[in-house]
Amino acid sequence: MPIASLTTGVIARIMHGEDVIQPVLQILGIKRINTNTDQERYRLLMSDGKYYNSYAMLASQLNEMQHRGLLNENTIVRLEKYMTSMVGKEGSGKRVLIVTELTVLNSGEEVKTKIGDPVTYENAAKQDTVTKATPAASAPLKKEQSYNNNNNNNNNNTMNSTMNSTLSASLTHPIASLSPYQNKWVIKARVTSKTAIRTWSNARGEGKLFSMDLMDESGEIRATAFKEQCDKFYDLIEVDNVYFFSKCQLKPANKQYSQLKNDYEMTFTGETMVQLCDDEDNGGIPEIKFDLIPISQVSNMENKESVDTIGICKEVGELQTFTSRTTNKEFKKRELTLVDTSNAAVTLTLWGDEAVNFDGHVQPVILVKGSRINEFNGGKSLSMGGGSILKINPDIPEAHKLRGWFDNGGGDNISTMVSARTGGGSFSTDWVTLKDARIRNLGSGDKPDYFQCKAVVHIVKQENAFYKACPQADCNKKVVDEGNGHYRCERCNAAFPNFKYRLLINMSIGDWTSNRWVTCFSEIGEQLLKHSSQEVGEALENDPATAEKMFSDINFSSYIFKLRCKNEMYGDMTRNKLTVQSMSPINYKEYNKHLIKELKEMTGIGPAN
DNA sequence: CCCCCCCC
C-alpha cells in the first residue's frame, strides 16, 4: 500500500479551531498518561509533517487499538472524528485534540520513519500568520514576577511582555514528557521543595547553587540553578507556588542522589525563563500531598525511607556545630523531639539555617514532608535532607487537633520512644541457635541479621589474629610496612614511623546444636583475651609462650554472644559470615527466663509469657 | 558545575 500523504500544516488549523474534515496525520509517539484515577488514557504525539502536537489524546474507546499494536510510532492515520476542547479555566488557553475515531492508513512498520521535519505547533504559532489569533487570551500577568535572562535592561518591559505571552499562551508540556532530545517546551509545575543556597569548592572550581523539586499531574523533576541563575531565581521561587518554566537543560538524573521518579533532571541556563502562574490558572496542577504517618508507625518503617508526619515540638535541643570527619565540612544541627496522639516521640534533626533559626520554646506544631529515617541501634530518628520540607504551625485541621490535644496535657503520657536506642539491650535481639541460623538462611538479605545465642569458646586462632593499623585516632586501616621503619596508610595517604596493633580474631564457638567460626575485632578481642590489642600484638610477635596462655585461657568458657550475620562475597564465592557484636557473661536469671519461655512454647503448657 | 546532612 502506498504511503499516504499527510495533510501538511493542518494541526495549526485544527488547533486554531477550524473543523477540518478527515485530516491525515502521523503518530510520532504514544504513551500512557498517569492519571489520578486508575483510568487508562493515552496521549499522542501527532505530526502533520510541518507541526506536531503533543496535546492530543486518544478517546478511551480507541484504547483497544493501542492494545493491538495498531498505533505504534510512525503510523499514519486518518482522523474520522475528533474534537477539540479547551482545558483549564476560561482564558487559560489550552486546546486539546481528542481523537474519537480513526483509520490506520499505513502501519508504523510500513512507514518506518518520521515524515518531514515538524516543529511544535505552539512554538511555531507566534511567527505563523495562520495562528495569529491565539486560541484564547492569556490570563493577566504580573509583570514584576516575570524573569528572563536576556540582560538587556533597556528593553526590559518589551521583553517581559513578549515573554509573558510566550510562556502563558503556550500549551504546556507534562513533566513526564521532558527529555534531553527536545528543548522546545514549557512546563507548568508546582514547587514542592527548595533547598537553601549552598556553595561548593573543589578541584573543578567553585560556585553556588540551589535546587528545587517540581511537580505536575504527570510527574516530578529536580531542577538546579547554579551561580548567576542561583542569584537570579532564588527569591522568586517559593515552595507551593506554581510557575511556568522553559528552556532548562535536561540531563540524566543521577539516581544515587535523587529519589524523584524521573530519569532526568534539569539545570537552569542563561536562557531559562520562570514565571509565576496565577492562582486562577493553577487548574490541573496537584497540591503538595502529605502522607501523614503517626509517629508510632515510624518504628515499623525501613531505614532511609521517606516520612511525612506532624507532631508537637515537645523538646528542642541546643544548636550543635561539628566538623564532618569525612568531608571536613562544618555542620550545624538541632534536634527536635516531636510527639503526637499516637503517644510516641521521635527525634527530628534540622540542619544549617533551619537549625539556627528554629525557635522551639513555644512548642509549635511541626509538619515535615520527605524526612529521612536514620536507624541506629534499633532506634529510628528523622532527618531533614534534600527535598524535605518543614512547616511550622501549618493551618490545617491536623495541626489544630494536635494543638488542642497537647495543650490539654496530651503529650504527658508518651509511651513509645521511636528514637530510643536498644543498643546492647538483650530484649531486642532474637535467640537463635547456630544450627537454626543456617536453616533459616540468616544473613542472605540485603541487611544483616542479628541474633544472640549462648555458646562456648572452642578455640581462638592465633594465626593472623592481629594486624598493624594506621596510628591515626580514627583510622583503623591496615598499613603497608615500607621496610624502612615507615608504615604507609593508603586511606590517610601518609607514612608514619609507628603503627597500632588491631585485632581481627577468628574463633570457633559452639552451642548445643552446632558450631561456627566467628570473627571479632579489637574491642571484643580485648575483652575476650583480657589484654589490650597492643599487649596481644606484642605477645604474638615476640613472646609465643605468653600469647599461648592468653589464647588458651579462655577455651571452654561460655558467653552470651550477640552476632551479626551477613552473606559476603569473596571473589565469586558467597560466604555466610558471623561477626561478634558483643559477648557477655551469662546472666542466668535472664537466660533461664528465655529457656522457660521456649519450653512453654514447645510444650504448650502454661501461659505464653 | 552539586550530590554534604556527621557522630553514637
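As the structure is a prediction and not an experimental result, all values here were calculated from the model. Throughout, a chain's letter reflects where its sequence line sits, starting with A, and its residues are numbered from 1.
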Options [options], nucleotide nearest the side-chain atoms of [X]:
X        : options             : answer
A/Thr224 : B/dC2, B/dC5, B/dC3 : B/dC2
A/Phe376 : B/dC3, B/dC5, B/dC8 : B/dC8
A/Arg204 : B/dC3, B/dC5, B/dC2 : B/dC2

How many Å lie between [atom1] on [X] and [atom2] on [N], as a whole number?
X        : N     : atom1 : atom2 : value
A/Lys208 : B/dC4 : NZ    : C1'   : 18 Å
A/Lys304 : B/dC3 : NZ    : C1'   : 15 Å
A/Leu260 : B/dC2 : CG    : C1'   : 15 Å
A/Leu209 : B/dC3 : CG    : P     : 7 Å
A/Trp351 : B/dC2 : CH2   : P     : 21 Å
A/Glu335 : B/dC7 : CD    : P     : 13 Å
A/Leu336 : B/dC5 : CG    : P     : 20 Å
A/Lys329 : B/dC4 : NZ    : C1'   : 5 Å

Side-chain N or O of A/Asn374 closer than 4.0 Å to phosphate OP1/OP2 of B/dC5: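 No, A/Asn374 has no side-chain N/O under 4.0 Å of OP1/OP2 on B/dC5.
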Does the [N] base have a donor-acceptor partner in the side chain of [X] within less than 3.5 Å?
X        : N     : answer
A/Glu354 : B/dC5 : no
A/Gln320 : B/dC7 : no
A/Arg421 : B/dC8 : yes

All ring-ring contact (aromatic ring centres under 6.0 Å, His included) counterparts of A/Phe406, not counting sequence neighbours: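 Scan of A/Phe406 (ring-ring contact (aromatic ring centres under 6.0 Å, His included), adjacent residues dropped) gives none.
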A/Ser193: side chain to side chain donor-acceptor pair (under 3.5 Å) partners, not counting sequence neighbours: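 In terms of side chain to side chain donor-acceptor pair (under 3.5 Å), with neighbours along the sequence ignored, A/Ser193 is linked to A/Asp213.
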Side chain proximity check, A/Val119 to A/Lys184, heavy atoms < 4.5 angstrom: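 No; the side chains remain at least 4.5 Å from each other.
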A/Met384 side chain reached by A/Leu348 side chain, heavy atoms, under 4.5 Å: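 Heavy-atom side-chain distance check passes, below 4.5 Å.
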Centroid separation A/Tyr487 to A/Phe496 less than 6.0 Å: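 When the ring centroids of A/Tyr487 and A/Phe496 are compared, they turn out to be at least 6.0 Å apart.
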Touch class at under 4.0 angstrom, heavy-atom based, for A/Arg198 against every strand present: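 Base contact - A/Arg198 has a heavy atom under 4.0 Å of at least one base atom.
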Sugar-phosphate only, base, or nothing, as touched by A/Glu265 at under 4.0 Å among non-hydrogen atoms: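 Answer is base: heavy atoms of A/Glu265 come under 4.0 Å of a base.
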First encountered from the 5' end of DNA chain B, between A/Gly386 and A/Phe226: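 Residue closer to the 5' terminus by nearest nucleotide: A/Phe226.
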Stacking of A/Tyr257 on B/dC3 base (centres under 5.5 Å, planes under 30°):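 Yes, the aromatic ring of A/Tyr257 stacks with the base.
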